Amino acid sequence: MIGYNICVFLITAIVFSQLDSTVAKQCYSCNSTGTDAGNCLMNPTQNSTDCENGCSTSISEDGTLIRGCELANCNSPTCWSCQTDNCNTNIVCKECLGLEECATANVTDAKYNAVCPSSQDQQCVSQVNGNKTVSLLCGSACSNATCSSCTTSLCNADLYPADRRQCYSCSGTDCNKFAESMITACNQTDAQCFTTGTSETNMTRGCTSADMAIKCAANSTDPDCLICDSNLCNTLEYQRDAGSCVICDNCAAQQDVNDKKSCDLALYNQTIGCYTMTTGSTVSRGCLNKLDGECSATNSCTSCSESGCNVAVVDVAFECIACISNEVADCWSATKPDELPVVKCDNGTCFSGVWNGLGVRDCFSSASQLMQYQCDHKVEGYQCTTCNTPTKCNKNAFSGAASLSQMGVVGLLMALMLALRSSL
Ligand SMILES: *[C@@H]1O[C@H](CO)[C@@H](O)[C@H](O)[C@H]1NC(C)=O
Ligand SMILES: *[C@@H]1O[C@H](CO)[C@@H](O)[C@H](O)[C@H]1NC(C)=O
Ligand SMILES: *[C@@H]1O[C@H](CO)[C@@H](O)[C@H](O)[C@H]1NC(C)=O
Ligand SMILES: *[C@@H]1O[C@H](CO)[C@@H](O)[C@H](O)[C@H]1NC(C)=O
Ligand SMILES: *[C@@H]1O[C@H](CO)[C@@H](O)[C@H](O)[C@H]1NC(C)=O
Ligand SMILES: *[C@@H]1O[C@H](CO)[C@@H](O)[C@H](O)[C@H]1NC(C)=O
Ligand SMILES: *[C@@H]1O[C@H](CO)[C@@H](O)[C@H](O)[C@H]1NC(C)=O
Ligand SMILES: *[C@@H]1O[C@H](CO)[C@@H](O)[C@H](O)[C@H]1NC(C)=O
Ligand SMILES: *[C@@H]1O[C@H](CO)[C@@H](O)[C@H](O)[C@H]1NC(C)=O
Ligand SMILES: *[C@@H]1O[C@H](CO)[C@@H](O)[C@H](O)[C@H]1NC(C)=O
């Protein structure tokens, strides 16, 4: 009897011990601080080991991930255990619950890594909370305007929502030049970037915000606030070189780029570049940062951004004063040039001069060959000058008195008129 019992006991023990060894679990084993860190997070199936009990996936406070045999003291949420072969494939997600940095920074630091529960349906989730903060966490699949999920470890590390505006954010003495360390994503999904300040050592940059008491709100019309709407656009220093432009009032139709002059410095809230503006038939050119008001089609203003770029021909009706002093009393002195008769002059050059005691003003191409020669060579006695600025530039007063005695010299006058008309 005793022998039989011992025999049964021994057999049972042997069977059990063999069962036991076939019951031992396989568990994935790795350590995220080891050489295979990436695989441990993303693809832990490289390395299995035998374990007596179950498997676990655990993470320490600094984000070190360990997969292996079930830890003696495995408590969620930092450690999840499971009981089937190679079951410890738990994904790892970013976890950041409603803190400012969850929305405004890339939560790259491993301290935000969390092990998700041992369940097939776990994904990494990014969501906007009811209070407009952002949470990153383990959860079940979602896909709508305020929630999105993804299936691989750490796939929820990016900014959410992805189109969240990013701006340079700083204030005070070291805020004149931007730096990478100042990059912040905006709290509010509809934010833009702003720049404001009173000097190189008192600048402020950041995100506009509808509900914070900051100087430059999203809809600010304050001229001190420069608001821009693309990522990292708020870069302008307090002052910058404004380049150079052709600067003139009542300018000739075309200008020479070599005549450009410095536009000095522009403030952060000023546009730089050159303009050409046409008022009536007067053309003016200059620096955008010195222009009061806008430059747009409504004020017949065009702008360009390269140095000295405002040289192009302006197609304005080119006009000259056209009169003879015996017909128009003020033609001699031109005291009221705006009231004298004008002609269109496609040639672009006007002249004025004195022939036979009569003051004559007109388009240069209307003058006879002889008169043109006398003008071009400044032949004495004719006081002839030419000019080429668009609006009635031939308005110099003549010196001396108009020779009334010549009024009767009809023949000479007729000859002059014929000369003028024949060359039209
Ligand atoms: C594989 O698992 C064993 C046992 O846990 C461990 O000693 C070893 O470091 C692991 N190798 C890798 C590459 O993780
Ligand atoms: C994980 O790996 C690091 C470096 O290889 C080692 O110092 C640490 O003890 C490991 N931790 C565990 C629990 O194996
Ligand atoms: C906003 O809501 C989230 C999720 O409910 C919470 O974690 C967070 O603490 C809240 N934040 C504030 C500032 O109320
Ligand atoms: C977040 O990371 C992306 C890609 O690496 C980068 O372009 C962006 O500037 C970062 N944003 C912040 C706020 O750190
Ligand atoms: C988006 O999905 C989440 C999770 O499924 C849900 O809680 C939330 O109410 C949904 N939001 C909208 C705007 O549908
Ligand atoms: C985000 O909002 C918090 C308060 O809700 C504020 O303290 C912080 O300055 C804001 N950050 C940015 C970049 O606007
Ligand atoms: C600095 O700038 C702020 C506005 O951006 C202004 O209110 C303040 O008076 C300035 N401080 C100095 C010392 O100029
Ligand atoms: C800006 O918008 C906020 C909310 O949208 C509003 O309360 C505020 O009056 C607006 N301010 C201006 C200057 O339009
Ligand atoms: C630029 O800001 C200054 C104050 O910093 C202000 O006096 C000026 O009017 C602003 N200029 C423009 C063009 O908005
Ligand atoms: C204007 O007319 C004069 C004389 O006819 C001629 O020499 C000159 O080239 C013309 N200029 C233009 C721009 O047509």
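For reference, positions follow the sequence shown, starting with 1. Whatever order the structure lists ligands and atoms in, that order sets their numbers, starting from 1. No experiment lies behind these values; they were computed from the predicted model shown.
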Does a donor on one side chain and an acceptor on the other come within less than 3.5 Å for [X] and [Y]?
X      : Y      : value
Ser352 : Lys395 : no
Ser169 : Arg205 : no
Asn250 : Thr282 : no
Tyr112 : Glu101 : yes
Ser118 : Asn90  : yes
Asn129 : Gln127 : yes

*What atoms of ligand 9 come within less than 4.0 Å of a heavy atom belonging to Tyr268?*
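In order of numbering, the contacting atoms are 5 (O).
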
*Against heavy atoms of Gly197, which atoms of ligand 9 measure under 4.0 Å?*
5 (O)

_Among Leu291, Asp224, Asn289, which one puts a heavy atom closest to atom 6 (C) of ligand 9?_
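Result: the heavy atom closest to atom 6 (C) of ligand 9 is in Asp224.
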
*Name the option, out of Asn129, Leu137, Leu99, Val128, that contains the heavy atom nearest to atom 5 (O) of ligand 3.*
Asn129

Nearest protein heavy atom to [atom], by residue and atom, and its distance?
atom                    : value
atom 12 (C) of ligand 5 : Asn144 ND2, 3.2 Å
atom 11 (N) of ligand 9 : Asn269 ND2, 3.1 Å
atom 4 (C) of ligand 5  : Cys142 CB, 3.9 Å
atom 1 (C) of ligand 3  : Asn131 ND2, 1.5 Å
atom 7 (O) of ligand 3  : Leu97 O, 3.6 Å
atom 13 (C) of ligand 5 : Thr146 OG1, 3.8 Å

*Non-hydrogen protein atom less than 4.0 angstrom from atom 9 (O) of ligand 3*: no

*May I ask you to check whether Gln270 has an N/O atom sitting below 3.5 Å from an N/O atom of ligand 9?*
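No, since none of the N or O atoms of Gln270 sits under 3.5 Å from an N or O of ligand 9.
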
*Is the SG of Cys193 found under 2.5 Å away from the SG of Cys233?*
no

*Once you find the SG atom in Cys393 and the one in Cys350, is the distance between them below 2.5 Å?*
no

